[in-house]
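Report on one structure; see the data block that follows.
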Protein chains: 2
Amino acid sequence: MSERVVPPAARQRRRPTKQGVVLSEELIVDTALRLIEEHGADALSVRRLGRALGADPSSLYRYFRHTDDLMLAIADELIGRTLRTWRPTGDWRADLRDLGLRMHAGALAHPRAAVLSSYRVTGRTYEIQAVETILGVLRGAGFPDAEAVRIYHAFIDQALAHGALDSASAAMPKDAREAEAAVWRATYARLPADTHPHIAATARRLVADMARSSYPAALDLLLGAAAGRLAEIRTRSGQPTATPDPSPEAVT
Amino acid sequence: MSERVVPPAARQRRRPTKQGVVLSEELIVDTALRLIEEHGADALSVRRLGRALGADPSSLYRYFRHTDDLMLAIADELIGRTLRTWRPTGDWRADLRDLGLRMHAGALAHPRAAVLSSYRVTGRTYEIQAVETILGVLRGAGFPDAEAVRIYHAFIDQALAHGALDSASAAMPKDAREAEAAVWRATYARLPADTHPHIAATARRLVADMARSSYPAALDLLLGAAAGRLAEIRTRSGQPTATPDPSPEAVT
DNA sequence: CACCTTACGACAACACTGTTGACCTGTTAA
DNA sequence: TTAACAGGTCAACAGTGTTGTCGTAAGGTG
């Protein structure tokens, strides 16, 4: 097989497709994202993507070794898009909160890509850029290196894990998703108080609350804990903790 | 089609398979779990499962409407197994910590099943039992209903999300997992300080820290925040926050 | 014990999936 | 002008979930 995929830099013979399209890694990724967005998560298959591009499915294997590779490229593009819409203000807590929410929203906009990429390390440019940026925010805020790394890890894992969780339900076929909602209403909301007193007592709240994502609350929790650590560190290191921390613990 | 699946209670004609196996919902679920565990996540397909059971694939559709149904049954069995090994002591914080860690461990023990079941609501017996139990612990500890529901939601989502995240990497084929680790060492640990100062400064810590799960830390964070809320609630409601919480809200 | 009903396992087919080896042709460098 | 070869195309393979149809053996009934 020698090597089927040629590194993008070396590409030059840009022969058009039978239908007149000139393929490129970029065009493929963009089309894949559009496909996911328009026709749902299950719409992304090599064959469908080929059809959408106006090319034979097997052409894609000249650009990506396998579907997984393509997914990583898509994931990195998503990271890039999120990063580009983010405007840091200098307030580390507000900035990280904003970034976390944007990452989560980005994941929800492309559920299938998010699910796949949550546990993968792409090692591509945008991912590296994101790591560098977040570490920069934390170290800039005054966290010592060990602490910065630990908080970075917690922050990114939380964003990815919740993003994947919420994406996964969003990526389910519509009828399955409706069936889930029906389970809450039909099963949980109707359990008798004598066998399931706690569920019965909280049924209304339960049904309402479970329909929402728990990410924003979890994010604020994490940032709150980090802020606490920072204050502690500042006090200990001589600086007499002056900043009164005006964070408005608002949970959407 | 009338109805292909017969409710388990009504089953009586237990005709054996050509290969002599007598099918049952239970046997199918157990075999599926074994299959997932032994041969990886992709090993679970209707056809493979049929082969492992010694039955025609289509027979399974007499027991489950579609694969999704089967996955829910598997997920519920997993919940049940976790719940059965858990012994509550009456100390809500310790109990929830223990349960969270057990759920996480259970997920890691069956990585492929955990990934698939993390985002689904089964509505089956064990899941209902788990919800009732956790709500009971929280309400027994003195959390008002609204708070109990909110904390329950955060707790369960966190356990599921981290369980799925950590399971997903554990479920990757071995060579892919090694490739990921290599990315950290080969890419991140070698970025020059002039273009990526923050990564370069923390590279060693970063590589070491990213190899571990962030769940235990995240769990303690959550429980700490909940404990803080509880103290606040008690003070406000007149009780001068002294009681060391002896409530034995043990739910079987 | 024989009969009838029907649950349920088996079979074959459908439309789909990712992936690969062989082939052929247009582009480009020499 | 020509030769090399990148890269698009084709056909095929092995797999997937799912369903309509059919035959048969198990069970209740008389």
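Remember, it's a predicted structure, so these values are computed and weren't measured experimentally.
- Within the nucleic acid shown, A/Thr67 comes within 4.0 Å of sugar-phosphate atoms alone, with no base atom in reach, counting heavy atoms only.
- Judged purely by atom type and a 3.5 angstrom limit, B/Glu127 uses its side chain to pair as donor or acceptor with the backbone of B/Gly123.
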Atom pairs and distances, side-chain donor-acceptor, residues 30-40 of chain B, under 3.5 Å, sequence neighbours left out:
unit_1	atom_1	unit_2	atom_2	d
B/Thr31	OG1	B/Leu27	O	2.7
B/Glu37	OE1	B/His110	ND1	3.4

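- Counting to the nearest Å, the C1' atom of D/dG7 and the CD1 atom of A/Ile28 are 11 Å from each other.
- Rounded to a whole Å, the CZ atom of A/Arg48 is 9 Å from the C1' atom of C/dC16.
- Listed nucleotides C/dT20, D/dA26, D/dT16 differ in distance to A/Tyr61; the shortest reach to its side chain belongs to C/dT20.
- Whole-Å rounding puts the B/Arg51 CZ to D/dT16 C1' distance at 11 Å.
- Residue-to-nucleotide contacts include a donor-acceptor pair under 3.5 Å from the side chain of B/Arg47 to the base of D/dG17.
- The CD-P distance, from B/Glu25 to C/dC8, rounds to 12 Å in whole Å.
- Heavy-atom distances to DNA chain D give each of B/Ser45 and A/Lys18 a nearest nucleotide, and the one nearer the 5′ end belongs to A/Lys18.
- A/Ser59 comes within 4.0 angstrom of a nucleotide base, judged by non-hydrogen atoms across all strands.
- In this structure, B/Leu23 places its CG atom 16 Å from P of D/dA25, rounding to the nearest Å.
- Here the OG1-CD distance, from B/Thr202 to A/Glu132, works out to 8.0 Å after rounding to the nearest 0.5 Å.
- Across all strands, A/Thr17 comes closer than 4.0 Å only to sugar-phosphate atoms, never to a base (heavy-atom distances).
- What separates NE2 of B/His66 from P of C/dC16 is a distance of 20 Å, to the nearest Å.
- If you take CG of B/Leu60 and C1' of C/dA10, they are 12 Å apart, rounded to a whole angstrom.
- The CZ-C1' distance, from B/Arg62 to C/dA10, rounds to 10 Å in whole Å.
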Between A/Leu219 and A/Leu96, is the side chain to side chain contact (heavy atoms under 4.5 Å, CB included) condition met? List the steps. CA-CA 9 Å; A/Leu219 175 60; A/Leu96 286 186; over 6 Å; no
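- Distances shown here put every side-chain N or O of A/Tyr63 at or beyond 4.0 Å from the OP1 or OP2 atom of D/dG7.
- Checking C/dA10, D/dT16, D/dT9 against the side-chain heavy atoms of B/Asp56 singles out C/dA10 as nearest.
- Ionic pairing of A/Asp68 and A/Arg120 is present here: one or more N-O contacts between side-chain nitrogen and carboxylate oxygen are shorter than 4.0 angstrom.
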